[in-house]
Amino acid sequence: MKNYLIQNATIVDEQSKWNGKKVDILIENNFIKKIAENIIAPEDYQLINYTNLHVSPGFIDVRANGCEPGYEWKETLESLSKAAEKGGYTTVCLSPETNPFVSTASQIEYILQKAKNLPVKFMPVSGITKDGQGKELTEMFENFKAGTNLFFDGKKSISNSKLLALALQYANDFGGKIFHYAFDKNFSTSLTINEGISATKSGIKGTPAISEEIIVARDIHIVRHLNIPIHFAGISSKGSIDLIRAAKKEGLAITCDVHINNLFFDDSVIQNFDSNYKVLPPLREESNRVALLNAIVDDTIDAIASDHSPQNIELKKVEFDLAEYGTITIENTFSMAITALEKFCTLSKIVNKFTIGPSKVMGNESIKIEEGEKVCLTLYQPNQEIFPGAVPYSSLSSNTPFRGNIKLMGKIYQTIYS
Amino acid sequence: MSKKLSVKHLLGIKELCLDDIELIFETADTFKELINRPIKKVPSLRDITIANVFFENSTRTRLSFELAEKRLSADVLNFSASSSSVNKGETLIDTVNNILAMKVDMVVMRHPSAGAAKFLSQHINASVINAGDGTHEHPTQALLDAFSLREKFNSFKDLKVAIVGDILHSRVALSNIFCLQKLGAHVMVCGPSTLIPKYIKELNVEVSHNLEETLNWCDAANMLRIQLERQDVQYFPSIREYSSRFGLTQKKLDALKKEIVVLHPGPINRGVEISSDVADGKNSVILSQVENGVAIRMAAIYLLATGK
């Protein structure tokens with residue numbers, strides 16, 4: 001790795017004493033050697049000097065689909081690493097929803113092996129239950145030993161309350177973290193679109209937000225009963241936010257994340273039947289979206305996830321109800337967040353949801369921008385306009401409504417990660 | 001006729017303006033008169049080929065479109081597939097583009113997916129007429145329903161129309177609501193709560209769960225069929241109980257202190273949502289609706305084919 005001198009950079013890191021300061025950062029042998037104003041560049045150091053440069057700890061994504069193994073035509077870990085780098089990420093947690101579903105230690109090892117030389121740190125995530133079927137627990141401790149402390153059944157909610165309680169207890173013994181997608185599928189049909197006026201106008205039956213809230217409420221009771229933490233993946237409704245806010249206030253060990261699409265879009269966009277707005281959890285009414293934005297501000301939400309979900313065009317360019325869910329987001333997540341949140345909170349709060357928040361959710365210490373720390377940085381310009389999709393994406397898929405026609409704020413310059 | 005529709009496709013009533021609806025009615029007046037003459041055919045669309053592509057079972061709508069096309073001297077191609085295109089391994093766009101490659105000018109499509117007609121219109125170079133897309137819209141049905149009401153009432157202003165039955169699973173209900181409201185009528189939907197979308201009030205319709213109350217309110221009642229094939233769970237306990245609560249009988253009509261017009265988009269389930277004596281009685285315009293369907297479809301096809 002080269003040695004660098006980053007010049008005139010505003011540090012955005014709530015945990016750093018340099019937060020908000022405009023300084024130079026000297027990087028030597030993978031470590032931050034020095035932070036000060038006007039450092040004289042030693043010879044052979046690469047100078048980094050961008051317009052209105054901001055620097056934060058490397059971004060962490062708590063959820064993206066790597067699609068490998070099993071769906072390599074949609075994405076590979078290599079293509080995802082390039083897309084993630086473009087999005088400013090240095091660490092990405094991989095959803096277990098590959099083919100086969102990640103259930104065993106050998107699968108964890110396979111992913112780590114595949115990912116070891118890539119420029120992004122990939123964190124495999126194990127299923128809670130075998131094949132995400134919600135019936136039998138995976139060998140969680142074996143999977144933990146193989147290299148992950150994160151357990152998630154993907155977008156399959158565990159309907160059996162006792163099984164979820166057992167998983168929480170068992171994983172907690174060795175510091176395993178349970179991520180849970182809250183969804184009572186009995187409220188849905190084969191097509192999951194938010195129940196609201198947009199669905200009604202579109203002739204779609206709609207799935208009410210209580211399909212999520214009822215499981216959030218149940219899980220909070222389980223957490224209170226066991227006194228063991230849980231993380232809610234992809235919260236989408238005001239009702240869930242109200243429940244989680246109250247539970248946090250009560251002192252329960254609950255964290256949650258939101259998918260960027262739910263922060264950025266409301267459900268009115270589905271009326272055009274564009275399958276690039278078909279995501280899980282579904283986009284909800286503006287009032288829910290505003291509740292999510294406010295939940296970032298008051299820290300009810302801990303992390304913003306890309307939920308990057310590549311799909312080949314054949315699975316998207318079909319009738320709306322037959323199309324697969326999901327969009328590619330990882331290259332634009334931070335810019336979407338800045339654009340959605342700029343009137344709601346400070347930049348350092350947004351950055352928190354890409355750095356400190358995700359670290360907490362994963363049970364890790366967060367990386368700080370301080371002298372002596374290992375280098376793991378994201379360099380960006382928060383005020384620059386971009387039009388994503390105007391140039392080709394690095395993802396192998398192109399399922400996104402951003403086709404060069406939507407303006408976002410915030411441009412990622414690069415990451416520096418050892 | 002020099003006036004044109006504001007749209008290139010007939011995807012839903014949602015996309016039409018009042019002028020479009022009135023133009024279709026005026027055109028349909030002419031065609032209705034025509035189809036009652038001894039020679040029922042005009043050479044208007046002699047150079048036009050129309051494909052009727054039906055991905056869902058249909059008898060009356062398909063026949064009505066086919067007849068409308070033939071009365072206009074268009075060449076007609078019929079394609080039906082009971083299963084969806086994806087199950088056959090071919091995409092909807094490919095299926096239709098293959099038909100279009102045989103130099104077809106217009107596609108009339110029925111499809112089980114909401115939004116399918118709109119989706120198709122965005123990806124092919126031909127006019128699309130939506131003959132029903134899932135539980136979304138069925139614009140020609142709404143137009144013929146309104147056209148039939150227009151023959152019975154002088155004006156839509158302050159006309160009160162009730163739509164009774166399985167609103168949740170009905171494409172006819174949504175198109176009727178949009179159409180009647182654009183014409184200036186008031187709409188009430190009536191049925192058990194389980195079959196009425198929770199947010200439908202936001203479309204400015206009245207909601208009732210009592211048939212007698214609804215009949216007293218309305219000038220006309222459109223009785224919808226229970227769409228058992230679309231119901232994923234049990235939305236009401238039994239047909240017997242449904243029928244006693246929401247079935248329209250002569251006794252219920254006789255209890256009113258006024259006459260109302262009774263419509264039904266068909267096919268009717270005699271003894272369920274409507275009793276035989278009502279279906280065949282003096283209040284019913286069910287067979288006029290069928291006749292008007294041909295005139296309305298002729299008008300829609302003619303205006304789209306000649307309005308380019």
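Chain letters run A, B, ... following the sequence lines, proteins first, then strands; residues in each count from 1.
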Practice task
Name the region of Asp274(A), side chain, backbone, both or neither, that has any atom closer than 4.5 Å to a heavy atom of chain B.
Solution key: neither
Fill in the blank from the handout: On a heavy-atom basis, the closest approach of Asp321(A) and Pro112(B) is OD2-O, 4.4 Å
Problem - Residues in residues 185-212 of chain A near chain B [non-hydrogen atoms, under 4.5 Å] - result: Ser188(A), Thr189(A), Glu195(A), Gly196(A), Ile197(A), Thr200(A), Lys201(A), Ser202(A), Gly203(A), Ile204(A), Lys205(A)
Practice task
Could you check which of Gly12(B), Ala173(B), Gly115(B) has the highest count of heavy-atom pairs closer than 4.5 Å to chain A?
Solution key: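 Among the listed options, the one with the most contacts to chain A is Gly115(B).
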Problem - Most chain A-contacting option - heavy-atom pairs closer than 4.5 Å, from Glu137(B), Arg171(B), His169(B) - result: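 Top option by heavy-atom pairs under 4.5 Å: His169(B).
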Completion exercise
Note: vs chain B, highest number of non-hydrogen pairs under 4.5 angstrom among Lys317(A), Glu314(A), Gln271(A) is Lys317(A)
Problem - Over 12 non-hydrogen atoms of neighbours within 6.0 angstrom of CG in Asn125(B) - result: no
Practice task
Please indicate whether Lys238(A) has more than 12 foreign heavy atoms, meaning atoms of other residues, nucleotides or ligands, lying under 6.0 Å from its NZ.
Solution key: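 For Lys238(A), atom NZ is not crowded (no more than 12 foreign heavy atoms under 6.0 Å).
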Handout entry: residues 195-210 of chain B: residues contacting chain A (heavy atom under 4.5 Å, by number)
Key = Pro197(B), Lys198(B), Tyr199(B), Ile200(B), Glu202(B), Leu203(B)
Exercise for the section: Given side chain to side chain contact (heavy atoms under 4.5 Å, CB included), test His136(B) with Phe273(A) step by step and report yes or no. Expected result: CA-CA 11 Å; His136(B) 181 218; Phe273(A) 298 100; 3.6 Å; yes
Problem - Gap separating the CD atom of Glu319(A) from the CG atom of Leu120(B), nearest 0.5 angstrom - result: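 It comes to 9.0 Å.
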